[in-house]
Amino acid sequence: MIAILLLVALPLASAVEVVLLPPVRSEGRDVGIIVVPGASIDGRAYQALGESIQQVSSLRVWVALTCNYTMATPNFVEVGQAVRLALDAFQQQGMMSSDLFIAGHSLGGIMIQVDSSSYLSKMRGMVLFGSYLLASVDWTTFATPTLTLAAELDGLTRVTIIYQSFSSLRAASTSDVPLRAKLPVWVIPGINHGQFASGPLPPFVLQHDLKAEVDEATAHGRMATSVHVFMAAQLGDAQEIQVLQQTYQNTSAFFAPFDKAYGLDRTSDGSRSPFAELTQYVIANMSTATFSVNDTSLSSTATLTFSHPSISGNNETGVRVQSVSLVSYPANPFDTSDSPLTASEISVKVKSQEALQQYFPAKNLTRTSCKDVNQLAFNTVFRNVVSVDAYMRFGRSGRPVLYHDDISVTGPEWLLHGLELDDKPDGLHVTSYSAVAPLDFPIPGVSGSYNCKVLAPSRALEWIYVDGLRPRK
């Protein structure tokens, strides 16, 4: 492979460069793809991937690797200038086709979406290597065809943010099936974040990435196949369009456990938390056949403060418990993916075992606590929700979840404290705050209540798929 180096002077500390990889095929439709690197990764590190795309594709692929960004990190000023240089380089070397694509890895994938008005309209499509469409994007109206190409074992662009992307695609494509081939989300099994590049990786990637299960050549081959399918589909290849439609079904199957775990947190309509209902049975230590539970999922701490559980009915008509819950999520104002994205806790108010024993006086039961609920959250997800591959992988190399006794506080204090999730070398330490009101508590509605801050099933799933696989020294 003969790489052609071109430079452009910029009013910054460095001069952006473009390394051009001419096509390896003598025949075929000319297409060009411009590659923007991730943070602290040299653009030349994507040469092996670019060559794999050229080898795999039946198209005549030209690859422009953009390099030498200020502080080795792409920024929107230099990206725009590098794209213009790459377009000039294509023309200078005789590539006159308008079939152009742009790809970005990690932060590079974000940067090509920022201030992209000068070049994105010229592109047939965009490829996001271990990156994602920004949260501000409206998937129903976004004009540029985009392939979100995700790594299953990505420790930086975690698979839970890719699930958010797929959920957006699913909602947008319900009445627009062709959108599934225009904005496909494709998860490649067994690869990690760093494998989109080659050679030495920056320390923060090595520290946070997960262990890949395939070698670099296999990873690049899978990536190259996905990129070819996407490019050919955007150029009208009916067979590859069908491949992308099938990819949608494959991605849907991959994320089916995520649907289940998130659905345990809260139903899709947001009306109730099925896991809050399970919490009531754990705290009562009674079977689901004993009484029924209906939860109301609330929208704010303010409403949770003044909402309380209740019991109605009797042994003849059936005992019914009304619980209340609040699912809380970590703040993510900058739309990043390097920290957990799933629910940080579920605040649950249920009735105490003593309150229910008034209806079932013959039952002599063992005491339970929020700690038991946390164990149920993880065990339910690990044993009944995750995929077989995720189950086996975590069983081999996952760090455990370690459960601590509840910290008992008053009701007002309980509202102020969050579930403690402490990621340590030996595992995830989980500690709940609980507040229990005795039956003779003087405030109506509060007596006999049992409040828990508990582990969300979705967070248990994210630990199994991402954070629990990251070794800590």
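Each residue takes its place number in the sequence, starting with 1.
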Quiz item: According to the interplanar angle, ranging from 0 to 90°, do the rings of Tyr262 and Phe258 count as parallel (below 30°), tilted (30 to 60°) or perpendicular (above 60°)?
Solution: parallel
Exercise. Taking atom CZ of Phe76 as the centre, report whether more than 12 heavy atoms of other residues, nucleotides or ligands fall under 6.0 Å from it.
Key: no
Quiz item: Hey, which of Ile191, Val227, Val187 is the one that makes side-chain contact (heavy atoms from CB on, under 4.5 Å) with Leu149?
Solution: Val227
Quiz item: Which heavy atom of Asn294 sits nearest a heavy atom of Arg272, and at what distance?
Solution: OD1-CD, 4.4 Å
Quiz item: In terms of the angle between their ring planes, are Phe254 and Tyr465 parallel, tilted or perpendicular, with boundaries placed at 30° and 60°?
Solution: perpendicular
Quiz item: Does the side chain to side chain contact (heavy atoms under 4.5 Å, CB included) test come out yes or no for Leu416 and Tyr433, once each step is laid out?
Solution: CA-CA 10 Å; Leu416 298 175; Tyr433 283 85; over 6 Å; no
Exercise. Answer whether the closest heavy-atom distance between the side chains of Val430 and Val401 falls below 4.5 Å.
Key: yes
Quiz item: If you measure only the distance, is there a donor-acceptor pair under 3.5 Å linking the side chains of Ser432 and Asp406?
Solution: no
Quiz prompt | With Asp42 via side-chain contact (heavy atoms from CB on, under 4.5 Å) - residues at least two apart | solution = Arg44, Cys67
Quiz prompt | Flag for Glu216-Ser198: side-chain donor and acceptor within less than 3.5 Å | solution = yes
Quiz prompt | Side-chain heavy atoms of Leu461 within contact of Pro257, under 4.5 Å | solution = yes
Sequence neighbours left out, cut at 3.5 Å: what donor-acceptor pairs do the side chains of residues 135-142 make with other protein atoms?
{"unit_1": "Asp138", "atom_1": "OD1", "unit_2": "Thr140", "atom_2": "N", "d": "2.9"}
{"unit_1": "Asp138", "atom_1": "OD1", "unit_2": "Thr140", "atom_2": "OG1", "d": "2.5"}
{"unit_1": "Asp138", "atom_1": "OD2", "unit_2": "Thr140", "atom_2": "OG1", "d": "3.3"}

Quiz item: Any side-chain heavy atom of Ser106 sitting closer than 4.5 Å to one from Phe196?
Solution: no
Quiz item: Can you name the side-chain hydrogen bond (donor to acceptor under 3.5 Å, both in side chains) partners of Ser300, sequence neighbours left out?
Solution: Thr303
Practice problem: With side chain to side chain contact (heavy atoms under 4.5 Å, CB included) as the test, would you mind laying out the steps for Ile346 and Arg266 before giving the verdict? | Solution: CA-CA 9 Å; Ile346 305 180; Arg266 186 165 54 190; over 6 Å; no
Exercise. Taking all non-hydrogen atoms of both residues into account, name the closest pair between His220 and Ala197 and its distance.
Key: NE2-O, 3.8 Å
Quiz item: So, Thr336 side chain and Asp338 main chain: donor-acceptor pair closer than 3.5 Å or not?
Solution: no
Quiz item: Checking side chain to side chain contact (heavy atoms under 4.5 Å, CB included) for the pair Leu376/Leu278: CA distance, chi angles, key distance, verdict?
Solution: CA-CA 9 Å; Leu376 175 68; Leu278 290 175; 4.2 Å; yes
Quiz item: Side-chain contact, heavy-atom cut-off 4.5 Å: Trp186 with Arg222?
Solution: no
Quiz item: Side chains of Phe255 and Arg170: closer than 4.5 Å at any heavy-atom pair?
Solution: no
Quiz prompt | Which atom of Tyr450 lies closest to which atom of Cys370, heavy atoms considered | solution = CE2-SG, 3.9 Å
Quiz item: Got a second to check how far Leu341's CG is from Asp335's CG, nearest 0.5 Å?
Solution: 9.0 Å
Self-check item: Val35 and Val127, any side-chain heavy atoms less than 4.5 Å apart
Solution: no
Quiz prompt | Backbone N/O of Ala456 and side chain of Asp265: donor-acceptor pair under 3.5 Å | solution = no
Quiz item: Which of parallel (below 30°), tilted (30 to 60°) and perpendicular (above 60°) describes Phe394 and Phe378?
Solution: tilted
Quiz prompt | Test log, rule side chain to side chain contact (heavy atoms under 4.5 Å, CB included), inputs Asp372 and Tyr403 | solution = CA-CA 9 Å; Asp372 298 294; Tyr403 310 95; over 6 Å; no
Quiz item: Taking all atoms of both residues into account, what is the closest heavy-atom pair of Leu326 and Leu298, and its distance?
Solution: CD1-O, 3.3 Å
Quiz item: Can any side-chain N or O of Lys211 pair as donor or acceptor with the backbone N or O of Pro471 at less than 3.5 Å?
Solution: no
Quiz item: Backbone N or O of His193 within a donor-acceptor pair of the Asp209 side chain at under 3.5 Å?
Solution: yes
Exercise. Answer yes if the side chains of Ser287 and Thr290 hold a donor-acceptor pair under 3.5 Å, and no otherwise.
Key: yes
Quiz prompt | Distance-only donor-acceptor check, side chains Ser323 and Gln280, under 3.5 Å | solution = no
Practice problem: Could you tell me which non-hydrogen atom of Ala181 sits nearest to which non-hydrogen atom of Ile241, and how far apart they are? | Solution: CB-CG2, 4.0 Å
Quiz item: Has the side chain of Thr148 got a donor or acceptor atom that lies under 3.5 Å from a matching backbone atom of Leu128?
Solution: no
Quiz item: Can any side-chain N or O of Ser168 pair as donor or acceptor with the backbone N or O of Gln164 at less than 3.5 Å?
Solution: yes
Self-check item: Gln195 side-chain N/O to Val214 backbone N/O, donor-acceptor pair under 3.5 Å
Solution: yes
Practice problem: Before accepting this row, confirm whether a basic side-chain N of the pair Arg124/Asp99 lies closer than 4.0 Å to the acidic partner's carboxylate O. | Solution: yes
Exercise. Examine distances only and state if a side-chain atom of Arg25 and a backbone atom of Gln55 form a donor-acceptor pair shorter than 3.5 Å.
Key: yes
Quiz item: Between the main-chain N or O of Val36 and the side-chain N or O of Tyr46, is there a donor-acceptor pair closer than 3.5 Å?
Solution: no
Quiz prompt | Check: Leu244 main-chain N/O paired with Arg180 side-chain donor or acceptor under 3.5 Å | solution = no
Quiz item: Looking just at side-chain N and O atoms, do Ser387 and Asp389 make a donor-acceptor pair shorter than 3.5 Å?
Solution: no
Exercise. Heavy atoms only: give me the nearest Ala39-Pro202 pair and the separation to one decimal.
Key: O-CG, 3.9 Å
Self-check item: Non-hydrogen side-chain atoms of Leu156 and Ser337 separated by less than 4.5 Å
Solution: no
Quiz item: Hey, are the side chains of Tyr132 and Val185 touching, using non-hydrogen atoms and a 4.5 Å cut-off?
Solution: no
Quiz item: Looking just at side-chain N and O atoms, do Thr342 and Arg459 make a donor-acceptor pair shorter than 3.5 Å?
Solution: yes
Quiz item: Within a reach of under 6.0 Å around CD of Gln249, are more than 12 heavy atoms found that belong to other residues, nucleotides or ligands?
Solution: yes
